J.: 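Dumping the structure here so I can ask a few things about it.
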Amino acid sequence: MGSVSYRVAVPGSLMLFGEHAVLQHQQAVVAAINYYLRVSLTTRFDRRINIISSSFKSCTTTLDNFKISKPYDYVLTAIQQWLPKIKQGFTLEIDSDFPSHIGFGSSAAVTVATLGVLNWWLLRQKPKPKQLYWQATSVVRLVQGLGSGADVAASVFGGVLMYKVQPLVIKRINKNLPLIAIYSGNKVKTIEVVAQVQRKQKKFPAIFDSLYRVIDCCAKEASRAIKNNQWSRVGELMNIHQGLHDALGVNNATLAELVFSLRSCADVYGAKISGAGLGDCVIGAVKRSGKKHKLLTKLFLKDKLDVAVSPSGIIYTEQR
Ligand code: MEV
């Protein structure tokens with residue numbers, strides 16, 4: 001028998017509402033976006049595991065002396081979960097529409113994609129979305145030490161999701177939402193930002209408790225507004241949420257400047273940080289005009305990324 005290939009495409013994601021509070025079991029809203037990461041797995045006739053990527057230097061390990069190393073720690077930890085079932089080597093090729101540092105949920109996406117092809121190959125069937133969600137969330141938590149799993153849910157299920165960790169809620173609220181994202185030029189590791197927020201939380205527990213509850217309120221209001229296609233209300237809620245991000249201590253001068261520049265554009269209903277903060281992206285809810293956003297283009301030139309919601313989550317594209 002010749003070698004066999006499996007290929008999947010997985011959308012990146014943006015947190016819209018509920019960052020940090022989601023780790024305290026509050027509501028969040030997350031969206032799968034139309035920037036995709038693709039992984040293909042091709043079986044080999046030896047016991048090597050080769051990882052080739054468009055963004056990083058390739059890496060090789062073997063089934064008999066399996067090692068986990070950066071920058072492929074999410075991919076290799078996903079593979080490690082399946083090692084007892086793997087009887088032959090394979091090549092994994094990764095390519096992505098977006099760089100890994102811009103806050104589009106690349107760690108979650110690459111984990112979902114790797115587990116998607118492994119399930120497909122080793123069980124000879126595509127996994128149920130919920131199964132894949134649990135597998136990928138546990139890998140992300142193993143590697144990162146924490147993670148709400150909201151980004152994983154978006155990459156698996158697609159669309160705009162209402163999300164809660166406990167009790168688990170993954171509920172699609174819309175397939176659409178006109179957005180813009182601007183990369184701030186900087187990334188601080190999520191785990192470091194979360195640790196900083198949690199240090200402050202220890203100092204001011206009552207205040208942080210209240211902040212998380214207001215963020216929850218914001219996310220719930222935003223879910224209703226998104227369901228009802230009330231984009232200007234979504235924008236206003238983004239502005240309120242941005243104030244709460246500031247209160248959590250995850251805003252900085254660059255992000256604030258981007259947020260205010262975005263808000264100065266007539267096409268923008270509101271703007272906030274997306275993700276853990278202190279870096280990553282700023283997002284805005286934009287008018288669905290179909291026209292080019294002239295002022296936006298002038299202000300942000302190349303850094304502007306028009307983002308649409310990806311209605312689908314993981315897509316299983318081909319098996320030879
Ligand atoms: C990061 O995008 C959002 C956080 O809430 C962490 C998480 O949800 O895993 C800070």
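Predicted model, so just to flag it, every value in this text is computed and none were measured. Start at 1 and go down the list; that is how both ligands and their atoms are numbered.
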J.: Answer side chain, backbone, both or neither: which part of H20 comes under 4.0 Å from ligand 1, heavy atoms only.
T.: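 Both the backbone and the side chain of H20 come within reach of ligand 1.
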J.: For M15, take its heavy atoms, then give the atoms of ligand 1 lying under 4.0 Å from any of them.
T.: 2 (O)
J.: Mark yes or no for whether D246, through its side chain, and N251, through its backbone, hold a donor-acceptor pair below 3.5 Å.
T.: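 Not confirmed, D246 side chain does not pair with N251 backbone.
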J.: Any donor and acceptor pair, going by atom type alone, linking the side chain of D216 with main-chain N or O of Y212 inside 3.5 Å?
T.: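 Side chain of D216 to backbone of Y212, a donor-acceptor pair under 3.5 Å: no, none is there.
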J.: Less than 4.0 angstrom from a charged side-chain N to a carboxylate O is my criterion; do R233 and E221 meet it?
T.: yes
J.: Against heavy atoms of V22, which atoms of ligand 1 measure under 4.0 Å?
T.: 5 (O), 8 (O)
J.: For the backbone of A266 and the side chain of K287, can you confirm whether one donor and one acceptor N or O come within less than 3.5 Å of each other?
T.: yes
J.: Under the criterion side-chain contact (heavy atoms from CB on, under 4.5 Å), which of L76, V8, V75 is the partner of T114?
T.: V75
J.: Can you see whether F17 has K272 sitting over its ring - NZ or CZ less than 6.0 Å from the centre and within 45° of the normal?
T.: yes
J.: For residues 131-143, tabulate all N or O donor-acceptor pairs below 3.5 Å that involve a side-chain atom, not counting sequence neighbours.
T.:
{"unit_1": "Q131", "atom_1": "OE1", "unit_2": "K128", "atom_2": "N", "d": "3.1"}
{"unit_1": "Y133", "atom_1": "OH", "unit_2": "Y163", "atom_2": "OH", "d": "2.5"}
{"unit_1": "Q135", "atom_1": "OE1", "unit_2": "N119", "atom_2": "ND2", "d": "2.8"}
{"unit_1": "Q135", "atom_1": "NE2", "unit_2": "N119", "atom_2": "OD1", "d": "3.3"}
{"unit_1": "T137", "atom_1": "OG1", "unit_2": "Y133", "atom_2": "O", "d": "2.8"}
{"unit_1": "S138", "atom_1": "OG", "unit_2": "Q135", "atom_2": "O", "d": "3.3"}
{"unit_1": "R141", "atom_1": "NE", "unit_2": "G147", "atom_2": "O", "d": "2.8"}
{"unit_1": "R141", "atom_1": "NH2", "unit_2": "G147", "atom_2": "O", "d": "3.2"}
{"unit_1": "R141", "atom_1": "NH2", "unit_2": "S148", "atom_2": "O", "d": "3.4"}

J.: Do any heavy atoms of G147 fall under 4.0 Å from ligand 1?
T.: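 Right, G147 reaches ligand 1.
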J.: Measuring from atom 7 (C) of ligand 1, which candidate in S148, S274, A28 has the nearest non-hydrogen atom?
T.: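 Going through S148, S274, A28 one by one, S148 has the nearest heavy atom to atom 7 (C) of ligand 1.
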J.: Provide, to 0.1 Å, the distance between atom 1 (C) of ligand 1 and the closest protein heavy atom, together with that atom's residue and name.
T.: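 Ranking protein heavy atoms by distance from atom 1 (C) of ligand 1, first comes A276 N, 3.6 Å.
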J.: Can you tell me the protein heavy atom closest to atom 2 (O) of ligand 1 and the distance?
T.: G275 CA, 3.5 Å
J.: Out of all atoms in ligand 1, which are within 4.0 Å of some heavy atom of E19? Include the element for each.
T.: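 Numbered from 1, ligand 1 contributes 5 (O).
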J.: Any nitrogen or oxygen of T190, side chain or backbone, less than 3.5 Å from one on ligand 1?
T.: no
